[in-house]
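Following: one structure in structure tokens, then a few remarks.
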Protein chains: 2
Amino acid sequence: MSTPPKGASPRTPLNRERVARAGVRLADESGIDAVSMRNLAQDLGVVPMALYKHVSNKDELLDEMINAILLEIEPLPADFEWKSALRHRILSARQALLRHPWAPHVIESRQSASPVVLDYMDSLVGIFIKAGFSLDLTHHAMHALGSRMWGFIQEVFPTPASPNDPAEQAAMFAHFAARYPNIIEMATAADHPDETRTTQGCDDQFEFEFALDLLLDGFERLHQSAWSSKTHSRTSSTKLESAVRGKRN
Amino acid sequence: MSTPPKGASPRTPLNRERVARAGVRLADESGIDAVSMRNLAQDLGVVPMALYKHVSNKDELLDEMINAILLEIEPLPADFEWKSALRHRILSARQALLRHPWAPHVIESRQSASPVVLDYMDSLVGIFIKAGFSLDLTHHAMHALGSRMWGFIQEVFPTPASPNDPAEQAAMFAHFAARYPNIIEMATAADHPDETRTTQGCDDQFEFEFALDLLLDGFERLHQSAWSSKTHSRTSSTKLESAVRGKRN
DNA sequence: ACCTGAACACCGTTCAAGT
DNA sequence: ACCTGAACACCGTTCAAGT
């Protein structure tokens with residue numbers, strides 16, 4: 001008897017969710033580039049065209065894969081102080097996404113929001129509104145969170161290509177120090193200075209929480225200055241002032 | 001006589017920069033998906049393989065396309081108050097990227113930083129350092145900016161798919177109002193309530209500047225509370241406090 | 001009526017054969 | 001020595017032919 005293929009056994013019929021979960025597994029194991037309709041079909045022991053009965057095209061497959069991941073996010077905590085509720089929920093989303101390193105990029109490539117996505121966003125909006133935030137400030141805050149609401153920030157250009165040869169590495173470092181003095185100064189002062197790489201050795205989780213707290217504190221400040229109606233605030237930022245006053249132009 | 005192909009005339013020889021600029025033009029005109037080695041070669045009137053003498057693979061082509069765009073960013077303004085310098089520089093980057101809607105996605109897909117990228121980042125780091133920011137705070141601030149330092153935020157799931165049929169649209173709106181009450185409440189309170197679409201009718205430029213100012217104000221506050229050495233701050237955020245004190249764990 | 005192999009119109013990249 | 005057509009190993013998706 002021939003061994004069944006790697007995926008689900010051939011007896012259990014496919015469905016949308018099973019296809020999506022197989023896609024997630026394949027992406028986790030072999031990277032998102034390995035997720036092709038043909039590859040996934042082979043993984044599931046079916047002919048490529050068979051997948052088109054469950055998802056109408058590849059985009060829909062990717063949508064479903066993201067849905068499957070977002071369902072892992074923990075529900076709203078019982079504790080309902082707005083700041084810690086937001087914090088908890090967003091950090092939980094982060095935990096879910098960290099299990100799937102390919103997910104942020106796929107999420108940002110999606111065109112339209114699925115119900116699962118809207119549920120999550122609705123829950124965040126609800127936290128602001130229940131805390132008494134104005135609808136305008138809620139709206140601005142959601143935009144300011146941006147993709148951070150999903151628990152990730154896309155690190156842009158994290159590591160410059162680094163050669164293996166130590167001599168070359170030293171030469172590159174010297175060249176770096178000459179051309180990018182500020183970056184080098186900043187990087188060599190980091191907590192782990194044993195590392196020569198430019199942006200290595202920094203704690204992603206810390207940086208994420210730092211930026212999240214900065215935003216949440218900012219929201220709180222604007223919210224308070226709004227209901228204390230002291231619009232003669234000492235901040236010089238016109239956008240923030242006008243947002244608090246609820247006046248856009 | 002046969003008309004020369006769309007791109008550069010066949011007399012002027014190709015080089016790295018010309019290939020990159022042709023890639024940018026092609027992406028602007030026909031979208032990033034139209035930028036294939038084969039398509040681009042045809043546009044330039046050469047055989048596909050000819051491109052491989054100027055870029056060693058497609059990733060390098062995309063790197064060069066991004067470089068070409070980043071060179072459009074205005075240099076540091078003479079006015080060197082840190083906040084307005086950062087603001088000016090980042091909003092200038094935004095202007096450059098807005099001309100090329102495909103660019104944000106390509107930027108976020110790059111693996112390593114090119115010299116042009118590092119130049120820009122070094123200039124931002126330099127602004128913080130010259131203003132007397134601690135190296136740690138500078139580091140956190142750069143991370144908090146994230147991809148916003150390039151003048152964009154990747155809007156995640158902007159528009160839920162909307163049907164054309166008005167009757168269907170009304171039905172969808174009703175379903176929305178029932179399932180996503182908070183989103184609907186927030187959206188219908190927006191400045192342009194004539195729009196039924198959920199996240200339509202909001203001013204991207206305003207939202208970008210709002211979030212940027214929120215971050216810059218946050219940086220300023222942390223910077224001031226650091227050199228005034230009042231560490232018994234009234235903020236409850238542990239990450240922010242420990243960052244100010246320069247202590248990470 | 002259902003299923004699917006083969007085909008279509010593409011990719012990025014390699015390489016050997018031709019000049 | 002240089003250049004490049006053809007080939008390789010893939011894509012997503014369509015569709016007609018077979019059962």
Side-chain angles (χ1 to χ4, degrees), chain A residues 2 4-16 18-27 29-66 102 105-106 109-112 161, chain B residues 2 4-16 18-27 29-66 102 105-106 109-112 161:
Chain A
S2 64
K6 196 174 166 191
S9 86
R11 299 149 236 138
T12 62
L14 288 182
N15 58 38
R16 206 165 220 269
R18 199 182 305 275
V19 169
R21 280 210 310 249
V24 170
R25 185 171 32 75
L26 181 56
E29 285 171 7
S30 314
I32 191 65
D33 285 343
V35 180
S36 69
M37 298 300 275
R38 296 162 119 101
N39 241 345
L40 181 57
Q42 185 182 301
D43 230 41
L44 288 164
V46 298
V47 80
M49 230 244 10
L51 298 180
Y52 284 85
K53 247 206 302 263
H54 306 102
V55 290
S56 63
N57 51 41
K58 193 180 176 179
D59 266 343
E60 218 171 276
L61 168 66
L62 293 175
D63 282 339
E64 285 302 319
M65 285 168 62
I66 294 301
W102 47 271
H105 215 238
V106 175
S109 74
R110 298 301 81 205
Q111 300 271 29
S112 60
Chain B
S2 64
K6 198 175 164 189
S9 86
R11 298 152 237 137
T12 63
L14 288 182
N15 59 39
R16 205 165 221 267
R18 199 183 305 277
V19 169
R21 281 210 309 248
V24 170
R25 184 171 33 73
L26 181 55
E29 285 171 7
S30 313
I32 191 65
D33 285 344
V35 180
S36 69
M37 298 300 275
R38 294 162 120 103
N39 242 343
L40 182 57
Q42 186 182 300
D43 230 43
L44 288 164
V46 298
V47 82
M49 230 247 8
L51 299 180
Y52 284 85
K53 248 209 299 263
H54 305 102
V55 290
S56 63
N57 52 43
K58 191 180 177 181
D59 267 342
E60 218 172 276
L61 167 67
L62 294 174
D63 282 339
E64 286 302 318
M65 286 169 61
I66 294 302
W102 48 271
H105 214 237
V106 175
S109 72
R110 298 300 80 206
Q111 300 271 29
S112 61

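Proteins get letters first, then strands, A, B, ... in listed order; numbering begins at 1 in each. A quick note: this is a predicted structure, and the numbers were derived from the prediction, not measured.
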message: Work out how far the C1' atom of C:dG12 is from that of D:dT14, and round it to whole angstrom.
response: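 Comparing C1' positions in C:dG12 and D:dT14 gives a spacing of 23 Å.
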message: In whole Å, measure the gap between the C1' atoms of C:dT13 and D:dT13 for me.
response: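 Each nucleotide's C1' atom is 23 Å from the other's.
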Atom-pair distance ([atom1] on [X]; [atom2] on [N]), nearest Å:
X	N	atom1	atom2	result
A:R38	C:dT4	CZ	C1'	13 Å
A:L40	D:dT13	CG	P	13 Å
A:L51	D:dC11	CG	P	13 Å
A:E60	D:dG12	CD	P	15 Å
B:Q42	C:dC10	CD	C1'	13 Å
B:N57	C:dT14	CG	P	8 Å
A:L62	D:dG12	CG	C1'	12 Å
B:H54	D:dC3	NE2	C1'	13 Å

Heavy-atom side-chain proximity of [X] to [Y] below 4.5 angstrom:
X	Y	answer
B:L51	B:L61	no
A:D43	A:R25	yes
A:D63	A:I66	no
A:V46	A:L14	yes
A:V55	A:M37	yes

message: Using every non-hydrogen atom in the two residues, find where B:L62 and B:I32 come nearest and quote the distance to one decimal.
response: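 Between these two residues, the closest heavy atoms are CD2-CD1, 4.2 Å.
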query: What pair of heavy atoms forms the shortest contact from A:S36 to A:K58, and how long is it?
result: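 Closest approach of A:S36 to A:K58: CA-NZ, 4.3 Å.
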- prompt: In dot-bracket form, how is DNA chain D paired, counting a Watson-Crick or G-U wobble pair only if both its distances are under 3.5 Å and using | for bases paired to another strand?
  reply: ||.|||||...|||||.||
Of the nucleotides [options], which has the atom closest to the [X] side chain?
X	options	result
A:K58	D:dG12, C:dG12, D:dG5	D:dG12
B:M49	C:dT4, C:dC15, D:dC3	C:dC15
B:V47	D:dC3, C:dG12, D:dG5	D:dG5

message: Is A:N39 close enough to D:dC10 that one of its side-chain N or O atoms is under 4.0 Å from OP1 or OP2 there?
response: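 False: A:N39 side-chain N/O out of range (4.0 Å or more) of D:dC10 OP1/OP2.
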